[in-house]
Amino acid sequence: MALVFQERYSCRRRFHGPKPRTFEPPNLRTFPFFLTFAIQFFNIPGQMNIVSIIQQGVVQGAAHLYQLEISAEDFPLSTTRKEFEGDYTLVVFPFTKHVKKSPEAIAQELGAYLVEQVASIKAFNVIKGFLNLVVDDAYWQAFLQDIYHNPQYGTQAPNGRKVMVEYCSPNTNKPLHLGHIRNILLGWSVSKIYEAAGYDVVRVQIINDRGIAICKSMLAWQKFGEGATPESSGIKSDHFVGDYYVLFEKKFQEEYKTWQQSPEAVALFEEKKKAEQSAEEYFKAYKDQYFNLYSTLGKQARELLLAWEANDPATIELWKKMNGWVYAGFDSTFDKLGVRFDKLYYESNTYLLGRETVDQGLNSGVFYRLEDGSVWIDLEDAKLDKKLVLRKDGTSVYITQDIGTAQVRYQDFGAEKMIYVVADEQNYHFQVLFEIMKRLGEPYAGGLYHLSYGMVDLPSGKMKSREGTVVDADDLIDEVVNEAWENSKERGTLADLSPEAQQEVIRKIGVAALKFFIVKVHPKKRMIFDPKESVDLQGQTGPYVQNAIVRCNSMLNKAGNPDLSAASDYHTLETAEKDIIAQLYQFPEIIKQAAEGYDPSMVAMYSYELAKAFHRFWHDYRILQAETEAAKAFRIQLSMAVRNVLRMGLDLLGIETPERM
RNA sequence: GGCGCUGUAGCUCAAUUGGAUAGAGCACCUGACUACGGAUCAGGAGGUUUAAGGUUCGACUCCUUACAGCGUCACCA
């Protein structure tokens with residue numbers, strides 16, 4: 001019997017290897033083109049995208065001045081750094097390869113050409129090989145007019161393409177922990193970002209509801225539970241089941257300790273020990289074998305597993321009952337985090353999938369069979385080794401199931417892209433899986449992507465459940481919300497609200513703090529989660545961004561329903577105003593890049609920067625008491641646009657904003 | 001050992017995918033606001049980007065070699 005009793009992965013399934021691009025050449029290539037198109041034609045009605053205008057101008061300038069045929073991809077155009085004057089910067093060094101002039105001279109000539117030929121470019125300056133272009137205020141003015149009343153600004157029209165996101169994917173033997181929180185937040189956020197990019201998104205998870213782990217919890221409850229239920233004990237139901245899992249481990253350790261004193265164990269140690277090895281070390285390494293060979297508890301747990309596989313009614317009933325408790329507990333945590341799923345896949349239904357595909361693959365020569373009956377695939381030419389896909393007894397392994405599950409999902413939804421949000425320990429697994437799907441000729445194989453994320457460490461060191469330092473998801477959420485309470489009480493600004501309303505506000509703030517802290521870090525990087533710092537509501541935090549929105553709200557409420565027609569008479573923009581509009585302008589591009597790079601942290605950092613610019617503006621300028629009616633109307637429009645974009649940005653991170661705070 | 005990831009201010013993170021003087025936040029100093037819209041704003045200090053080579057107009061970014069931390073290399077999931 002091939003059963004192993006470690007549980008190294010508390011949640012399912014990270015990346016690297018060849019660069020992400022090599023995984024999906026067809027999609028990534030067409031993607032940016034589509035979005036560029038969309039930005040031009042859906043988002044900014046009435047006028048052309050300024051970047052395209054400049055690019056066209058440069059292409060024409062190169063042709064006119066130097067008889068060069070170039071395209072927009074041949075030269076870099078970036079936003080101007082804030083220490084220089086200008087809005088967009090053209091790096092002219094690439095031109096020196098074709099034009100025998102100094103970079104400065106080329107920049108001067110191109111700059112003069114652009115100012116003369118392109119209406120929206122007002123001025124230019126040249127520093128070394130950098131051509132800084134100043135966009136006319138009228139352009140920004142008109143742009144703001146177009147977007148300020150549109151709460152959907154930044155999102156793309158539906159493109160009819162479908163993407164599936166798998167995230168969370170827990171085991172049912174214990175509650176969710178900090179690692180799941182990062183997984184859930186990334187998965188949810190990426191799914192929202194893809195929706196904003198125009199995709200039809202299906203959210204799924206695969207739940208590991210079978211196997212030896214859940215049998216351990218079942219056995220412990222049978223033997224020691226005395227009929228207790230989550231209701232009778234008052235414990236949150238997934239924690240209730242998790243407690244029995246822990247209890248099983250405790251009883252097993254006791255049993256093991258006792259056994260180690262037995263003559264049988266002593267003899268074994270004396271015979272098999274390596275030089276210099278202590279009894280403690282030896283038995284630590286021997287634990288799994290003891291479980292399989294000698295342990296009474298181990299034997300009973302395996303019997304439960306066999307009974308489950310044989311569809312024994314009593315066992316199935318117990319299994320359903322305990323899993324039901326776990327699901328109820330998970331659901332409440334998902335609610336607290338504000339996430340949901342369109343479909344759940346259960347391993348109890350999928351663990352037999354994939355075998356037929358392997359049979360077909362044997363015929364087509366993708367796989368091969370050894371004399372002992374086991375089936376393999378040789379991926380050495382892809383630097384991935386040989387990998388087993390069926391055991392010699394014909395049963396399937398982890399990856400077989402994933403092969404079958406991918407196929408079933410494609411039948412279910414027909415998504416051209418499938419994103420697996422899984423920790424980076426499983427990079428190799430997904431490389432192998434995707435390579436297999438490619439060789440099987442699956443039509444969606446190019447659209448498979450592993451969104452791999454790094455482990456979350458605590459300041460005290462690596463998070464490990466064995467040492468009991470694992471941070472429970474529910475505890476963590478409560479802690480952050482409590483901290484938000486303390487902050488709010490000190491401030492006293494919510495005192496006139498009902499307790500329920502206060503609680504709702506505080507919950508939104510606390511959850512925002514937690515989410516923003518985690519999601520602002522690039523997924524791939526291992527990160528340190530400091531509970532104390534996360535609940536510090538200063539600095540690069542969710543509440544800071546929320547506060548910018550709340551400020552807009554209170555100001556706009558006060559303004560009532562003002563006549564904004566004077567805004568178009570406001571002609572000379574303050575630098576602070578123009579900077580904010582230029583930032584607003586970038587939003588669709590940020591969404592596009594975040595989707596392309598599967599990276600919510602870009603949206604988080606963008607939102608923070610915009611909020612910061614707005615806070616500064618707010619401090620430096622009057623809005624409702626502006627000098628002129630035109631300035632007032634214009635600034636109200638600006639605030640509305642900022643509020644819309646910040647709301648959307650936070651929404652893409654799964655963060656809600658209260659009306660006040 | 002093979003394959004892979006990571007290494008940036010005291011700490012937590014950025015850097016428009018090869019562009020200008022490497023930027024933010026926290027913490028630490030200094031300042032603004034009788035609180036109006038106060039969970040706000042401004043300034044200072046803090047760096048040989050782990051090290052050494054290489055590629056070029058230009059390197060945190062690409063290549064090579066070290067060093068350090070981590071992951072993975074199951075007929076487990």
Side-chain angles (χ1 to χ4, degrees), chain A residues 2-9 12-18 76-84 89 91 93-94 96-97 103 127-130 132 171 208 210-213 288 347 351 372-376 383-385 388-393 395-399 401-402 423-429 431 452 454-455 457 459 462 484 487-488 490-491 493 509 517 520-522 524-530 533-534 536-541 543-544 546-548 550-555 558 586 589-590 593 597 601-602 605 608-609 612 615-620 622-625 661:
Chain A
L3 292 171
V4 174
F5 304 100
Q6 275 182 324
E7 18 106 43
R8 290 161 66 183
Y9 305 107
R12 189 177 138 88
R13 315 158 215 223
R14 180 191 167 162
F15 150 163
H16 293 288
L77 187 67
S78 54
T79 53
T80 304
R81 298 174 60 135
K82 61 173 176 282
E83 57 267 39
F84 300 101
T89 295
V91 182
F93 287 109
T96 57
K97 288 202 179 96
I127 297 169
K128 295 195 274 185
F130 299 90
N132 299 322
N171 287 352
N208 181 5
R210 61 176 286 275
I212 194 70
D288 290 340
E347 291 199 357
Y351 78 111
D372 67 1
S374 59
V375 180
W376 297 72
K383 291 175 76 176
L384 287 172
D385 246 319
L388 177 106
V389 295
L390 280 184
R391 299 188 184 105
K392 60 189 169 208
D393 62 5
T395 58
S396 53
V397 291
Y398 184 47
I399 202 155
Q401 181 187 164
D402 268 339
D424 62 4
E425 340 173 88
Q426 297 195 48
N427 286 352
Y428 178 73
H429 171 78
Q431 285 183 31
S452 156
M455 183 161 327
D457 291 325
K462 191 181 167 178
N487 256 285
S488 178
E490 254 175 58
R491 210 165 298 280
T493 52
I509 296 172
F517 189 90
K520 74 178 179 189
V521 180
H522 187 104
K524 174 165 132 175
K525 289 181 93 161
R526 195 171 173 135
M527 67 176 287
I528 295 182
F529 180 82
D530 186 340
E533 196 182 323
S534 84
D536 181 355
L537 306 180
Q538 302 292 322
Q540 292 174 331
T541 67
Y544 177 90
Q546 286 178 316
N547 187 232
V550 166
R551 281 182 143 179
C552 287
N553 284 338
S554 65
M555 185 271 291
K558 199 169 167 185
Q586 290 180 307
E589 180 69 15
I590 294 290
Q593 287 178 12
S601 72
M602 294 186 69
M605 292 317 291
Y608 168 76
E609 293 294 339
K612 186 178 166 182
H615 277 309
R616 184 186 301 137
F617 175 71
W618 181 276
H619 181 267
D620 292 345
R622 311 266 90 175
I623 297 174
L624 297 181
Q625 292 85 39
M661 58 193 284

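Here is how names work: the chains are called A, B, and so on, in the same order as the sequence lines, proteins then strands, and each is numbered from 1. Since this is a predicted model, take the numbers as computed values, not measurements.
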Considering non-hydrogen atoms only, spot the tightest contact between [X] and [Y] and give its length.
{"X": "I528(A)", "Y": "F517(A)", "result": "O-CE2, 4.0 Å"}
{"X": "F93(A)", "Y": "P103(A)", "result": "CE2-CG, 3.9 Å"}
{"X": "R526(A)", "Y": "M455(A)", "result": "CG-O, 3.3 Å"}
{"X": "V397(A)", "Y": "V389(A)", "result": "CG2-O, 3.7 Å"}
{"X": "N132(A)", "Y": "T89(A)", "result": "OD1-OG1, 2.7 Å"}

Determine if the base of U30(B) is syn or anti; take syn to mean the glycosidic torsion is within 90° of 0.
-> anti
Think [X] has a side-chain N or O under 4.0 angstrom from the OP1 or OP2 of [N]?
{"X": "R81(A)", "N": "G23(B)", "answer": "yes"}
{"X": "K82(A)", "N": "G23(B)", "answer": "no"}
{"X": "K525(A)", "N": "C13(B)", "answer": "no"}
{"X": "K524(A)", "N": "U6(B)", "answer": "yes"}
{"X": "K383(A)", "N": "G4(B)", "answer": "yes"}
{"X": "K612(A)", "N": "G25(B)", "answer": "yes"}
{"X": "Y608(A)", "N": "G23(B)", "answer": "no"}

Select base, sugar-phosphate, or nothing to describe what [X] touches, counting heavy atoms under 4.0 Å on all strands.
{"X": "Q625(A)", "value": "base"}
{"X": "I623(A)", "value": "base"}
{"X": "R616(A)", "value": "sugar-phosphate"}

Checking contacts here: which listed nucleotide ([options]) is nearest the side-chain heavy atoms of [X]?
{"X": "Y428(A)", "options": "U21(B), U72(B), C41(B)", "value": "U72(B)"}
{"X": "I127(A)", "options": "A20(B), C70(B), U16(B)", "value": "A20(B)"}
{"X": "H619(A)", "options": "U16(B), G71(B), U40(B)", "value": "U40(B)"}
{"X": "S554(A)", "options": "A77(B), G4(B), G37(B)", "value": "G37(B)"}
{"X": "N208(A)", "options": "U40(B), A77(B), G37(B)", "value": "A77(B)"}
{"X": "R551(A)", "options": "U40(B), A39(B), U16(B)", "value": "U40(B)"}
{"X": "H522(A)", "options": "A14(B), U72(B), U16(B)", "value": "A14(B)"}
{"X": "V397(A)", "options": "C75(B), A20(B), U16(B)", "value": "C75(B)"}
{"X": "V521(A)", "options": "A39(B), C13(B), A77(B)", "value": "C13(B)"}

Watson-Crick or G-U wobble mate for [N], both contacts under 3.5 Å:
{"N": "C41(B)", "answer": "G31(B)"}
{"N": "C73(B)", "answer": "G1(B)"}
{"N": "U64(B)", "answer": "A52(B)"}
{"N": "G25(B)", "answer": "C11(B)"}
{"N": "G19(B)", "answer": "C57(B)"}

[X] [atom1] - [N] [atom2] separation (whole Å):
{"X": "Q540(A)", "N": "G23(B)", "atom1": "CD", "atom2": "C1'", "value": "10 Å"}
{"X": "Q401(A)", "N": "C76(B)", "atom1": "CD", "atom2": "P", "value": "13 Å"}
{"X": "E425(A)", "N": "G71(B)", "atom1": "CD", "atom2": "P", "value": "9 Å"}
{"X": "Q546(A)", "N": "A39(B)", "atom1": "CD", "atom2": "C1'", "value": "10 Å"}
{"X": "W376(A)", "N": "C73(B)", "atom1": "CH2", "atom2": "P", "value": "13 Å"}
{"X": "D457(A)", "N": "G69(B)", "atom1": "CG", "atom2": "P", "value": "15 Å"}
{"X": "L77(A)", "N": "G18(B)", "atom1": "CG", "atom2": "C1'", "value": "16 Å"}
{"X": "R622(A)", "N": "G37(B)", "atom1": "CZ", "atom2": "C1'", "value": "8 Å"}

With rounding to whole Å, what would you report as the distance between [N] and [M] at their [atom1] atoms?
{"N": "A27(B)", "M": "C67(B)", "atom1": "C1'", "result": "30 Å"}
{"N": "U72(B)", "M": "A9(B)", "atom1": "C1'", "result": "33 Å"}
{"N": "A15(B)", "M": "U50(B)", "atom1": "P", "result": "15 Å"}
{"N": "C63(B)", "M": "C75(B)", "atom1": "C1'", "result": "40 Å"}
{"N": "C62(B)", "M": "G7(B)", "atom1": "P", "result": "10 Å"}
{"N": "C29(B)", "M": "A14(B)", "atom1": "P", "result": "28 Å"}
{"N": "A22(B)", "M": "U61(B)", "atom1": "C1'", "result": "12 Å"}
{"N": "U6(B)", "M": "G10(B)", "atom1": "P", "result": "22 Å"}

Do [X] side-chain atoms and [Y] backbone N/O form a donor-acceptor pair below 3.5 Å?
{"X": "H615(A)", "Y": "Y544(A)", "answer": "yes"}
{"X": "Y428(A)", "Y": "L384(A)", "answer": "yes"}
{"X": "S488(A)", "Y": "M661(A)", "answer": "no"}
{"X": "R391(A)", "Y": "S374(A)", "answer": "no"}

F93(A) on top of G58(B)'s base, within under 5.5 Å and under 30°?
-> no
Measure the distance between the ring centre of F130(A) and the centre of the six-membered base ring of A20(B), then answer whether it is under 5.5 Å with planes under 30°.
-> yes
Answer with yes or no whether [X] presents, from its side chain, a donor or acceptor under 3.5 Å of a partner atom in the base of [N].
{"X": "N132(A)", "N": "A20(B)", "result": "yes"}
{"X": "T89(A)", "N": "A20(B)", "result": "yes"}
{"X": "D530(A)", "N": "C11(B)", "result": "no"}

Tell me which of Q586(A) and S396(A) sits closer to the 5' end of RNA chain B, going by the nucleotide each one is nearest to.
-> Q586(A)
Taking the nucleotide of RNA chain B with the closest heavy atom to each, which residue, L388(A) or M602(A), is nearer the 5' end?
-> M602(A)
Can you tell me how far the CE atom of M605(A) sits from the CD atom of Q540(A), to the nearest 0.5 Å?
-> 4.0 Å
